[in-house]
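Structure first, commentary second.
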There are 2 protein chains.
Amino acid sequence: MKRQERVRGGTGRALRADAERTEQAILEAAERVLGDNPAASMEQVAEAAGVARTTVHRRFATRDALITAMTARAIQQFDAAVKAARPDTAPPLVALYQGTANILRVKIGWGFALSRASSTDTEIARIQADVLATCDRLFRRAQESGVLRADADLAWVRRVYYALIHEAAAGRSDEDDTDALATLLVDTLLRGFGADGGHL
Amino acid sequence: MKRQERVRGGTGRALRADAERTEQAILEAAERVLGDNPAASMEQVAEAAGVARTTVHRRFATRDALITAMTARAIQQFDAAVKAARPDTAPPLVALYQGTANILRVKIGWGFALSRASSTDTEIARIQADVLATCDRLFRRAQESGVLRADADLAWVRRVYYALIHEAAAGRSDEDDTDALATLLVDTLLRGFGADGGHL
DNA sequence: AATAACTGCTACATCAATGATGCAACTAAA
DNA sequence: TTTAGTTGCATCATTGATGTAGCAGTTATT
């Protein structure tokens, strides 16, 4: 234990500072390029990252490994975004607005990586399931506290919520006002677009 | 003009009856296979269609041609589904429910083909733009007649609507009750999930 | 029954993506 | 200033997808 070992989250051994920067650049470039065209080649990714193609392969043995690494990084940030909203303790409505804003930021930056649901990686699947469960708990609390109607099907609510997140993040303009977007999204989820006296 | 010429919508010359069936089988198989995995090979499509790979290439010279043909067929059905709801003449709310049910049926059957927005084909783009405009007109009428709130951003409404269609169709179980699903979808769009006295 | 169309099969050619290696030059870290 | 890690480049092997062509057998159409 004499030499300091920088621990890296499961991905592998310690890296030199410049290598770490390179890896970061590759992951971000991959998100941009693959987000635009999921069938893009490793070469295009490398070019966007400003490195040689072989360097990409040095860091990520296979294309799958690269995508898995992207997903891992993204899902961790996603998890953090959810937890930061205190979904189990804060008032449901507050947690919903706050969490949505946090999630949107992550989703805008890692849209492609997060769209890859099916992963062979156990750790990723674990976090994913965890986030899902947390989300469901929040919606249940929201329903019990009267924020959501009692007759709302929570499974459908969650699907609609995810769909709205996806759609909102798709119409991104980077530093668009995320908070305003989150407000719009949650308002849509809760009120819809119909006139109040419409057809009750 | 002595021999009868079966006219085919732009794709090419007249086909013999069995060839027509084969073409249909290929298109449907392609939808199933590519819907499950967009990167699937022509071979997998051929196998699913129950024909040899070369036969697929005989009908559709390139992969692009196949996908374009799928999109063309799908967008036409989509267009018909929209028009059948009389979006410009029926009461907005009626047209909305009816149109949604129609669209869902098409979207469930041609989910992949309809997700290919960017097409080089001019005719496809035309129909697509036409449907979009029709949809916007319907929403405008809905707003003017008080079905939608006056302060609703119609561009956002349309995006949400499409997102809901997409999501609802994704959780398909083929002959799930489409009408019930459409009702659920439109109710969601109009009312959301919040309790009525929530935060007005 | 005659004709023309269609299909499966086999074979071939091509091309792009992938992934691995070795080496010389460079750079962070001790 | 060593030392060890990192990168670009050039090279090569492999693989899988794509697309073409011809032939023999089958099937729709007349």
Side-chain angles (χ1 to χ4, degrees), chain A residues 1-8 11-30 32-70 112 116 120, chain B residues 1-8 11-30 32-70 112 116 120:
Chain A
M1 284 281 192
K2 293 175 70 177
R3 66 175 56 231
Q4 291 189 352
E5 306 243 339
R6 276 149 297 188
V7 183
R8 308 180 61 251
T11 305
R13 69 226 163 278
L15 289 183
R16 225 169 65 178
D18 53 350
E20 196 91 38
R21 257 178 286 132
T22 299
E23 187 168 307
Q24 183 74 16
I26 292 173
L27 289 172
E28 288 172 2
R32 263 178 286 134
V33 173
L34 295 179
D36 184 61
N37 169 25
S41 68
M42 301 290 270
E43 181 120 42
Q44 290 173 273
V45 172
E47 189 186 351
V51 299
R53 187 176 65 90
T54 47
T55 299
V56 177
H57 278 101
R58 249 190 290 265
R59 297 269 146 265
F60 308 99
T62 73
R63 184 195 184 82
D64 265 1
L66 169 60
I67 294 182
T68 299
M70 292 168 63
F112 170 79
R116 306 279 107 175
T120 344
Chain B
M1 284 283 189
K2 292 175 71 177
R3 65 174 58 230
Q4 291 187 353
E5 306 241 340
R6 276 147 298 189
V7 184
R8 308 181 61 250
T11 306
R13 68 222 165 284
L15 290 183
R16 223 169 65 177
D18 53 349
E20 196 92 37
R21 257 178 285 133
T22 298
E23 187 169 306
Q24 183 74 17
I26 292 172
L27 289 172
E28 289 172 1
R32 265 177 286 135
V33 172
L34 295 179
D36 183 61
N37 169 25
S41 67
M42 301 291 269
E43 181 120 42
Q44 291 173 273
V45 171
E47 190 186 350
V51 298
R53 187 176 65 90
T54 47
T55 299
V56 177
H57 277 101
R58 248 190 291 264
R59 295 272 146 262
F60 308 99
T62 73
R63 183 196 185 81
D64 264 1
L66 170 60
I67 293 181
T68 299
M70 292 170 62
F112 170 80
R116 306 278 109 175
T120 345

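Reminder, nothing fancy here: chain letters follow the sequence lines and each chain counts from 1. Given the structure is predicted, the values throughout are model-derived calculations rather than measurements.
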Check: Which atom names give the shortest non-hydrogen contact between B:L66 and B:L27, and what distance separates them?
Finding: CD1-CD2, 4.0 Å
Note to self: For B:E43, is the CD atom crowded, meaning more than 12 foreign heavy atoms sit under 6.0 Å from it?
What the structure shows: no
Margin query: If I take atom CG in residue A:D64 and atom C1' in nucleotide C:dA17, what distance separates them, rounded to the nearest angstrom?
Written below: 14 Å
Notebook entry, point to check: Just how far, in rounded Å, is P of C:dG8 from CD of B:E47?
Noted result: 13 Å
Checklist line | Gap between atoms CG and C1', on A:L15 and D:dA4 respectively (whole Å) | finding: 14 Å
Item checked: Closest to the B:S41 side chain, choosing from D:dT6, D:dA17, C:dT7 -> D:dA17
Note to self: Base of D:dG8, side chain of A:R58 - is there a donor-acceptor contact under 3.5 Å?
What the structure shows: yes
Notebook entry, point to check: Is any side-chain heavy atom of B:R63 closer than 4.5 Å to a side-chain heavy atom of B:L34?
Noted result: yes
Note to self: Starting the side chain at C-beta, find the nucleotide from C:dC6, C:dT7, D:dT6 nearest to A:R59.
What the structure shows: D:dT6
Notebook entry, point to check: For B:M42 and B:R21, take the nucleotide of DNA chain D holding the closest heavy atom to each; which residue's nucleotide lies nearer the 5' end?
Noted result: B:M42
Check: Base, sugar-phosphate, or nothing: which does B:T54 touch, judged by heavy atoms less than 4.0 Å apart?
Finding: base
Next item on the list: Decide if atom CD of B:E47 counts as having more than 12 heavy atoms of other residues, nucleotides or ligands within a radius under 6.0 Å.
Entry: no
Margin query: Can you measure B:L66 atom CG to D:dA17 atom P for me and round it to whole angstrom units?
Written below: 15 Å
Next item on the list: Measure from the side-chain heavy atoms of A:A52 and tell me the nearest of D:dA17, C:dT7, D:dG8.
Entry: D:dG8
Notebook entry, point to check: Whole-Å distance between D:dT7 P and A:E20 CD?
Noted result: 11 Å
Next item on the list: Rounded off to whole Å, could you give me the CG-to-C1' distance for the B:D18 and D:dT26 pair?
Entry: 10 Å
Next item on the list: Would you kindly give the CD-to-C1' distance between A:E43 and C:dA17, to the nearest whole Å?
Entry: 9 Å
Check: Looking at side-chain heavy atoms only, is the closest gap between A:V45 and A:R32 below 4.5 Å?
Finding: no
Check: Taking the side chain of A:R16 as its heavy atoms from C-beta onward, which of D:dT18, C:dT27, C:dG8 lies nearest to it?
Finding: C:dT27
Notebook entry, point to check: What is the distance, rounded to the nearest whole Å, between atom NE2 of B:H57 and atom C1' of D:dG22?
Noted result: 17 Å
Next item on the list: Side chain of A:R53 only, please: which of D:dG19, C:dC6, C:dA20 is the nearest?
Entry: C:dA20
Notebook entry, point to check: D:dT18 phosphate, OP1 or OP2: any side-chain N/O from B:R63 under 4.0 angstrom?
Noted result: yes
